[in-house]
Amino acid sequence: MLKYNLIPKPNSYQALDGTYTVSAATEVLCAQEFLSAGNYLTAYLKTSPVKGEGTIKIRKVGGMQPESYTLKVSPEGITAEASDARGAFYAAVTLKMILMQAQKTEGKAIVSGLLIKDCPHYGYRGLQIDESRHFFGTDVVKRVLDQMAFLKLNILHWHLSDDQGFRIESKVFPELNTIAATRKYAGLKGNGLPYRGGEYFALYTQEEIRDVVAYAKTLHIEVIPEIDIPGHTSAILAAYPHLSCKGEPTEAKCENGIFEEILCAGNDAVYDFLEKLFGEICPLFESKYFHIGGDEAAKGHKIWDTCLKCQALRQENGLKNAKELQGYFMSRANEIIKKFGKTAIAWNDCINDSFDESIVCQYWISHNLKAVREQAYKRDLIMSPDRYFYFDYKYKFLPLKKVYKFNEVKAGFGKSGQRIRGIECEHWAEWIDTEEALQFAMFPRAVAFAEVAWTSLENRRYKDFQKRLEWYKTYMRKRGINYSRIEKRVFGVKALPVYHLGKDGEEYRKSEALKLKE
Ligand code: ACM
Ligand code: ZN
């Protein structure tokens, strides 16, 4: 039995005899390469170390798996071991969670003896935020990163371009910073809601992007940008309409939905644009991955079918239909991405065998699950099936337990030879308009998600998780982090669209009422 309420649950835990006392005088000694772990702990402990008053040692050893660590607390001291900086960092995160819960007397923490040997189930443990639909800004994103690190999540997927706004400063394409970053109304129309608010303008400067990436790095989180193409590009096309098939003027959208206008696949100017744009954006990020979207382009395929340029390109290359044309388009975008030293990721609804096999598949929609399973043998795959991991869905439709019960094998994967790299949860922000609403969608589901990502299936029990979650909820209340009190599924709730409606929504109001009662 775990002595402390650790989330994600360590994969191996053993209680040891005795205790060790940590105080403000305790020294944190760590290997030079493990400074991020040492800094994480000292920032929490606020120690002024005194020699001889006890130590926490973070040591480098050979031969351990990436991201894995051991943590030992005994009357002799506290020692963490890892072979890489990420493992050392996760030892520090675990120790911080233990220290927060340890018995305190006279400003000292008495930690019970224990031995943890831990390593993650998945190497890719992602969380996505969508700042095209609503912009949160650097401070909010840093707070999201803090929470991610505390839960041992290691990938931030940053959705920065969509129909409703383009959010990265470009020095090459100035209209992206004005027209593409601006829409007429703040609040989107759809799901029964009218247009709300006035003109909405927001973007990150390149300096702010670099600042977020650097901050994430101190927490061992990789930031993957997404520039969604060829669909979901109304904002780009508002700025540069000549990049669409028809070349007609358009605007950044103030509605949710899927739109017809997409980038023209048969126009060399589009590939030139992408090369310059990606050339500018790629160096801002350190991750080897770059997400190029590819989803929900089918409406646009109808325009491709009537476009002379697209038709000519199809003929030239023997492409049978618009799906194959998209394969061509994405593979060409992938070549550009590769030139800048990155690996492309694309959503599963566009991927087929005509796609270059270096393109990673992100699985979100299951309408053609058989094909996705096949793709998992051909290319790396990240799983974010909407019915488990779309946290903009209502709690009534996607409750905590459903997230926790995710099982890769039952979802049709986990066969030998399938290249599953990990999982990701999504926070599409059409109806998420504030940090408070974002937190509501995220928590406590992201806490369950983190355990699914880290802890192997045989070590997970929902009841046991619920008990540990009580501690996490107390922690969130103390920190002023909003979270949903609705956990139960309500059968009969319409599956789609099943958005959480932010401050306008009934789920949210109910959550607020419950919060006041506590
Ligand atoms: C998606 O939800 N359109 C990837
Ligand atoms: Zn075209």
Side-chain angles (χ1 to χ4, degrees), residues 126-130 132-133 157-164 190 224 226-234 237 240-248 250 253 256-271 273-274 291-317 319 321-322 324-326 328-330 332 345-351 360-368 372 381-393 398 423-432 441 495-499:
L127 180 147
Q128 177 258 28
I129 53 172
D130 163 15
S132 169
R133 275 61 177 260
H157 168 180
W158 209 359
H159 189 78
L160 287 163
S161 172
D162 212 301
D163 297 303
Q164 293 79 5
I224 302 175
E226 179 180 355
I227 304 298
D228 202 342
I229 53 168
H232 290 288
T233 43
S234 302
L237 293 173
Y240 298 103
H242 70 285
L243 300 177
S244 72
C245 291
K246 292 184 181 168
E248 287 168 356
T250 186
K253 301 294 186 213
N256 78 311
I258 299 172
F259 304 93
E260 273 189 352
E261 61 217 5
I262 69 174
L263 295 174
C264 177
N267 184 350
D268 276 336
V270 169
Y271 301 100
F273 171 81
L274 292 178
H291 207 306
I292 52 175
D295 57 316
E296 298 180 319
K299 261 194 191 175
H301 286 177
K302 293 197 184 117
I303 309 292
W304 280 1
D305 286 342
T306 62
C307 167
L308 293 178
K309 288 196 205 85
C310 285
Q311 278 176 347
L313 187 88
R314 259 177 58 187
Q315 248 173 9
E316 217 174 282
N317 291 277
L319 304 167
N321 50 38
E324 288 194 5
L325 180 55
Q326 190 170 351
Y328 170 94
F329 178 90
M330 301 303 280
R332 208 159 149 185
I345 305 176
W347 297 104
N348 77 279
D349 53 316
C350 69
I351 290 184
V360 177
C361 175
Q362 181 164 9
Y363 160 46
W364 72 281
I365 194 166
S366 58
H367 65 228
N368 200 356
V372 185
L381 190 112
I382 298 153
M383 296 184 292
S384 48
D386 65 333
R387 274 143 201 274
Y388 288 93
F389 298 149
Y390 268 37
F391 293 171
D392 51 322
Y393 286 2
L398 175 45
I423 60 176
E424 185 179 290
C425 56
E426 315 297 309
H427 301 86
W428 300 104
E430 284 93 335
W431 321 110
I432 294 175
L496 294 170
V498 283
Y499 300 104

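Reckoned from all heavy atoms, side chains included, excluding hydrogens, waters and symmetry mates. Read the numbers this way: they start at 1 and go in the same order the structure lists the ligands and their atoms.
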Checklist entry - Thinking salt bridges, do E430 and K253 make one under a 4.0 Å N-O criterion? => result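 Not counted as a salt bridge, because no side-chain N and carboxylate O are separated by less than 4.0 Å.
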Next on the checklist: Can you tell whether the side chains of K309 and D268 come within less than 4.0 Å, N to carboxylate O?
Outcome noted: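 The answer is no: the pair does not qualify as a salt bridge.
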Item to check | Listed partners of H157 passing ring pair (Phe, Tyr, Trp, His ring centres under 6.0 Å), at least two apart | outcome: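 Partners of H157 by the ring pair (Phe, Tyr, Trp, His ring centres under 6.0 Å) criterion, ordered by chain and then number, come out as H291, W347.
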Item to check | Metal-centred angle, SG of C264 through the Zn ion (ligand 2) to SG of C310, rounded to 10 degrees | outcome: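 With the Zn ion (ligand 2) as the vertex, SG (C264) and SG (C310) sit 110° apart.
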Checklist entry - Where the Zn ion (ligand 2) is the centre, what is the SG-to-SG angle for C307 and C245, rounded to 10°? => result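 Reported to 10°, the angle equals 110°.
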Next on the checklist: Residues around ligand 1, heavy atom under 4.0 Å from any ligand atom, sorted by chain and number. Can you pull those?
Outcome noted: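 Near ligand 1, by chain and number: D295, E296, W347, W364, Y390, W428.
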Checklist entry - Between the side chains of T250 and E261, does any donor sit under 3.5 Å from an acceptor? => result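 Result is yes, a qualifying pair exists.
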Item to check | Donor on one side chain, acceptor on other, H427 and D392, under 3.5 Å | outcome: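 On atom types as modelled, these side chains do not qualify, holding no pair under 3.5 Å.
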Checklist entry - Looking only at heavy atoms, which two atoms of Q362 and I345 are closest? And how far apart? => result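 Closest approach of Q362 to I345, heavy atoms only: CB-CG2, 4.0 Å.
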Checklist entry - Once you round to the nearest 0.5 Å, how far does CG of L263 lie from OG1 of T233? => result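 One gets 4.0 Å once the value is rounded to the nearest 0.5 Å.
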